[in-house]
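Positions are given from 1, in the same order as the sequence printed here.
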Amino acid sequence: MRVLVTGGAGFIGSHVVEALSARGHDPVVFDVRTDPGADVRDPAAVGRALAGVDAVCHQAAMVGLGTGFADAPEYVSRNDHGTAVLLAAMAGAGVRHLVLAGSMVVYGEGRYGCAAHGVVRPGPRAVADLAEGRFEPRCPRCGGDLEPGLVAEDAPADPRNVYAATKLAQEHLAAAWARSTRGTAVSLRYHNVYGPRMPRDTPYAGVASFFRSALGRGEAPRVFEDGRQRRDFVHVRDVAAANVAALEAPSAPGALTAYNTGSGEPRTVGDLARALAAASGGPAPVVTGEYRLGDVRHITADSARLRADLGWRPRVTFEDGMREFAAGA
């Protein structure tokens with residue numbers, strides 16, 4: 001299969017390219033890092049890239065929370081307008097298979113249970129609570145304690161920042177494209193991806209990258225809130241394997257199918273910082289109590305659908321992945 005990989009020179013995209021090649025496919029890289037003219041927002045460039053292509057893995061995106069709402073036009077341009085241009089070109093070229101780099105950020109907060117009211121969806125955390133160190137969401141009905149759980153694909157979407165909103169819009173565009181063209185579309189809702197080639201020291205880098213950079217400077221990782229916020233850290237090679245599985249598996253035409261793509265093993269941000277510090281022999285993390293507006297407290301995946309439908313399994317353990325990552329791979 002000849003597969004166009006947008007963002008194919010980037011962190012995740014480069015691993016997707018390698019995984020496709022290992023399975024005998026023919027990946028075609030489309031990325032501004034290797035070709036300044038390879039802008040997914042350019043219809044002519046995208047049209048040329050689609051020649052002879054059987055499927056598309058759409059990894060190109062502007063990622064991260066950003067530095068403020070002033071970033072919104074750029075996020076929308078790169079993520080949503082770019083996706084619209086790509087899908088229009090695919091419709092014209094007769095390319096009917098798409099795997100989209102989705103994100104768990106579309107959910108907002110994760111799944112919570114209240115002893116009195118069952119499953120509930122807390123709203124955004126109040127600034128006053130965060131400033132006083134009250135980080136855990138409360139039951140929106142009784143104000144009681146909540147127990148975090150795994151979020152499934154049928155959870156309502158509730159994007160809490162600009163990046164999240166653009167990732168949800170990408171899914172809506174892909175679903176509309178699939179209905180219009182009878183194409184097959186899969187969105188892999190990535191959780192916290194880490195591993196070799198992860199970007200360093202940019203406003204859009206992930207928390208694992210920030211911690212590793214601090215340790216590389218001989219500094220203690222600075223952990224926001226109380227360090228107990230739960231995430232699902234999944235290795236980039238496992239994410240790449242999920243892309244290949246999604247391309248190779250039969251999918252229902254005319255619809256988009258979303259799959260959570262995570263390790264299935266919730267860890268705290270504090271766990272991450274401690275594991276990296278131990279693996280690198282660096283200083284212990286410092287829990288700062290600081291916070292960022294737009295961050296959610298707990299978001300962890302139920303990846304059972306991906307495992308059942310596509311036969312995918314994560315292969316890299318948290319411990320092995322952290323040792324590799326700490327070594328600077």
Side-chain angles (χ1 to χ4, degrees), residues 12 99-115 117-124 136-137 139-140 145-161 163-164 167-168 170-172 174-175 185-195 206-208 228-252 255-272 295-319 321-322:
I12 297 175
V99 175
L100 173 68
S103 176
M104 54 83 183
V105 296
V106 301
Y107 298 117
E109 285 284 357
R111 179 185 174 93
Y112 290 89
C114 170
H117 298 105
V119 175
V120 296
R121 291 187 59 79
E136 293 291 344
C139 176
D145 293 340
L146 296 177
E147 181 66 27
L150 300 180
V151 62
E153 291 88 351
D154 59 357
D158 184 17
R160 299 286 177 92
N161 54 60
Y163 171 65
K167 296 307 289 184
L168 183 59
Q170 283 184 304
E171 288 194 356
H172 289 321
V186 171
S187 178
L188 297 175
R189 290 176 175 168
Y190 301 158
H191 281 247
N192 292 74
V193 186
Y194 73 96
V207 65
R228 296 175 185 168
Q229 53 272 52
R230 289 162 38 123
R231 298 291 186 268
D232 186 314
F233 299 101
V234 59
H235 197 275
V236 67
R237 288 196 295 273
D238 287 329
V239 168
N243 276 268
V244 177
L247 279 170
E248 293 179 343
S251 299
L256 177 138
T257 304
Y259 290 107
N260 287 334
T261 307
S263 71
E265 297 182 359
R267 304 276 180 167
T268 68
V269 174
D271 290 338
L272 171 70
D295 278 355
V296 298
R297 180 61 175 174
H298 304 295
I299 175 68
T300 52
D302 180 351
S303 298
R305 177 188 288 180
L306 180 59
R307 296 169 187 241
D309 288 4
L310 304 187
W312 172 87
R313 296 288 187 278
R315 303 297 182 188
V316 182
T317 66
F318 180 77
E319 293 76 15
M322 287 297 117

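A pairwise comparison of heavy atoms in Gly195 and Val236 identifies CA-CG1, 4.1 Å as the closest pair. Pro148 and Leu146 get closest at one heavy-atom pair: CD-O, 3.8 Å. The two atoms that bring Ala246 and Val186 nearest to each other are CB-CG1, 3.9 Å, heavy atoms only.
At least one donor-acceptor pair closer than 3.5 Å links the side chain of Glu153 to the backbone N or O of Asn260. Within the 3.5 Å criterion, the main-chain N or O of His298 finds no donor-acceptor partner in the side chain of Thr300.
Counting non-hydrogen atoms of neighbouring residues, nucleotides and ligands closer than 6.0 angstrom, the CZ atom of Arg230 exceeds 12 such neighbours.
Look at Arg297 and Glu109 and you find no salt bridge, because none of the NZ, NE, NH1 or NH2 atoms lies under 4.0 Å from a carboxylate O.
Here the side chains of Leu306 and Leu188 are in contact, with some heavy-atom distance below 4.5 Å. With contacts defined as side-chain heavy-atom distances shorter than 4.5 Å, the pair Tyr259/Val99 does not qualify.
Under the side chain to side chain donor-acceptor pair (under 3.5 Å) criterion, the residue pairs touching residues 238-248 are Arg23-Glu248, His25-Glu248, Gln59-Asn243, Tyr190-Asn243, with sequence neighbours excluded.
Partners of Ala241 by side-chain contact (heavy atoms from CB on, under 4.5 Å), not counting sequence neighbours, listed by chain and number: Trp312. With sequence neighbours left out, Ser303 forms a side chain to side chain donor-acceptor pair (under 3.5 Å) with no residue at all. For Asp302, there are no salt bridge (Lys or Arg N to Asp or Glu O under 4.0 Å) partners, not counting sequence neighbours. Among residues two or more places apart in sequence or in another chain, the salt bridge (Lys or Arg N to Asp or Glu O under 4.0 Å) test is passed with Arg228 by none. Partners of Arg189 by salt bridge (Lys or Arg N to Asp or Glu O under 4.0 Å), not counting sequence neighbours, listed by chain and number: Glu171.
Remark: Thr257 OG1 to Leu100 CG distance equals 12.0 Å, nearest 0.5 Å. Distance check, rounded to the nearest 0.5 Å: CD of Gln229 to CD of Glu136 gives 9.0 Å. From Ser103, atom OG reaches atom NE2 of His191 across 8.0 Å, with rounding to the nearest 0.5 Å.
Taking the six-membered ring for Trp, Tyr194 and His235 have ring centres closer than 6.0 Å.
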